Amino acid sequence: MDLRSWDQSDAPFTEQRIVLRGKPGSLFRTMRWPGDASFWRTSMAHSTDLDLVNVTKRFGSHAAVNDVSFSVAPGEFFSILGPSGCGKTTLMRMIAGFEHPTYGDIRIRGRSMIGVPANKRPVNMVFQSLALFPMMSVGENVAYGLTCRGVSRAEAEGRANRMLERVGLKGFGDRRVTALSGGQRQRVAIARCLVLEPTLVLLDEPLGALDLKLREHMKIELKQLQATFNTTFAYITHDQSEALVMSDRIAVMNQGQFEQVGSPRELYHNPVTPFVASFVGETNKWHGEAAFTSNGSVAVRLPSGTVIQGQGKMADKATLAFVRPEAIALAQDSSALSGLPNKFEGRVSAVLFDGANSSLLIDTAGFDQPVRAVLPQAGPLAGLTVGAPIHVGWTADAMKVFAA
Amino acid sequence: MSKKPAQSLTLFLLLAPAILWLGLLIVLPHVEILVLSFSERVAPRVYAFGFGNYLEFFTEPLYWRTFARTATMSIIVTALTLVLAFPIALYIARVARGRLKAMLLLLCLLPFWVSELVRTLGWMMLLRETGVISYVLQAIGVTDQRIEFLYNDGAVILGLVYGGLLFMIVPLANALESLEPSVVEAGFDLGGSRWTVLRRIVIPHAMPGIVAGSIIVFMLTVGNFATPVLLGGKNGLWFTEQIYAQFITRFNWPQGAAFGMLLLVLSSAIVWAGLRLTGQSLGTTLKQA
């Protein structure tokens, strides 16, 4: 049988590994061939690590999580992004087994987790507070899960030490967890999960307690860890930058429901709801009325009477228009912006300097709020100061219009 | 510099009641008893320095056996109190919320508004031959005779555990309250069973509370007088009774003083041994309790 003939992308990772690394003699015994019906059953189930089907969680009459469905593929870094109180923590606690859905099903590798207690699920969680065991040493923290599974003390210790080495904490096994720095504690919390080789690692805003510099560093480190271990990560956060930097896919959650699921770029450039447009990334937001619609392009009349051109499918009168600050072109004279459908004259009202994230607020005639644009730090417009006259403009593609 | 003497005077004045209390009521009597315990009666009204009173304790089996019995039963009482108090403290600290928590603590405290003597007499009313339990058992036909529940070791232990419960629950609940819920959840999440989480996370965390509660209950029990005398009757044989007997019945104050010192030293030694065996230090216990 030619193994390459079946679609490699659908073939489960573990089965491939057996083909590649298994001893030839054991191959026929351990391997289930594609012709075998049981192979396809498990293989189909393995094509996703996590499935949530119509999961709802009610606390009294309040639905904390309302009819949420999604799937996470093996090895994927999946984030749930939402403001606090949107239900993302409840969702994560249901996957971990600390809360139980009112309706719906949670499946891990195709196996329903309803009625399976937290300590029997192939899921491990990195808590917001990290929840390291202060009464144990670093090594004991990492070995804890293994000893719970009945692994002998000596072997658990060996595996814990190897895991600590992989996360860059070689020789820390005998330290007290209270003697570690924030970043080291973070790595212990992750090592403690990864040593159990779970199907899925849940991370509940684990970077929240760190200072900014360390948080930036840990973002990259987490992503690298996830890639080296090739474990599926489900990460929840209210920090859009964490989600955008680390995730393969992000679900934006609001009031118990998913607004949009997609890659970071999709969410940023093609938001499908006004909530996603305003929650993910910086943006200019204006209220107006749809004045003219044709073929995907919308003209929006602002309360001042100014008309701006954008893209969107509009049915209602009341609309919201969004433009990213970096999509706003700046020029000294209006001729440089002649090709743009939206061009206005304004005056710099504030310079918000924040390194690479610096922005300008520009008081523009016809807009009730100043227009936010990226501060140019090179070229002819570098060194703009408050009060300087300036021309702003943007393309119709750059402006997303939604029903309010 | 002018502030210094005034400050130290203030400090002295503030500390004065505590120093007077410790000095006059605790240190001074103990020094007095210590001195007294080393005086032997060589003839009527003639006393000489000597270790005879202490030797008496080790040579007369009644005395050291009474002490051994007192110590053993106190350890049993402490262990029973711990086992009974732990789930109660766990419930108060981790499950009960708001008013319920306050109510439960108040319920534990309520019996202590009544004097220990009265509480013990209450137990006697329940346990004696003509008491409530005996009557109820007769009434429902379990037995056709009166049953005497008083005057045995079981009654003594019952009374002492009852008296010690509060002093175990409060430090335990305090210790358990500071355990972060997510640490317990992490214990389950990583595959721990209820028993594993209890043994490896909850109990180690509560250790300072367990040690503090155990020391308090053990010391209170060893030094208790009314409960063993009233509930144990003639079979009670508690070491404090020997001290009482020497002071009051025999009028042998030096002997009673020596027993008093021995009780202090030996029970402290047992506490020390207990701390060493469980690998705890008094310092960390006091810090957390």
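Predicted, not measured: the structure shown is a model, and the values here were computed from it. The chains referred to below are lettered A, B, ... by the order of the sequence lines, with proteins before strands, and numbering in each begins at 1.
Between the side chains of A:Asp174 and A:Ser137, no donor N or O sits under 3.5 Å from an acceptor N or O.
Contact count against chain A (heavy-atom pairs under 4.5 Å) is highest for B:Gly187 among B:Pro204, B:Ser193, B:Gly187. Most heavy-atom pairs under 4.5 Å with chain B, from the set A:Arg121, A:Arg192, A:Gln128: that is A:Arg192.
Of all the heavy atoms in A:Gly97 and A:Ala118, the pair that sits closest is O-CB, 3.9 Å. Closest non-hydrogen pair, B:Phe218 versus B:Ser267, comes out as CE2-O, 3.8 Å.
In this structure, chain A has heavy atoms under 4.5 Å from both the backbone and the side chain of B:Glu185. If you measure heavy-atom distances from B:Val197 to chain A, the contacts under 4.5 Å come from both the backbone and the side chain. Proximity to chain B involves both the backbone and the side chain of A:Met125, based on heavy atoms less than 4.5 angstrom apart. At a 4.5 Å heavy-atom cutoff, the contact between A:Phe127 and chain B is made by side-chain atoms alone. Contacts of A:Leu132 with chain B are made by backbone atoms alone, with heavy-atom separations under 4.5 Å and no side-chain atom involved.
Cation-pi geometry between B:Arg119 and B:Phe112 is satisfied (NZ or CZ under 6.0 Å from the ring centre, within 45° of the ring normal).
Electrostatic pairing of A:Lys223 and A:Asp248 counts as a salt bridge here, judged by a charged N lying under 4.0 Å from a carboxylate O.
Using cut-offs of 30° and 60° on the angle between ring planes, the pair B:Phe67 and B:Phe239 is perpendicular.
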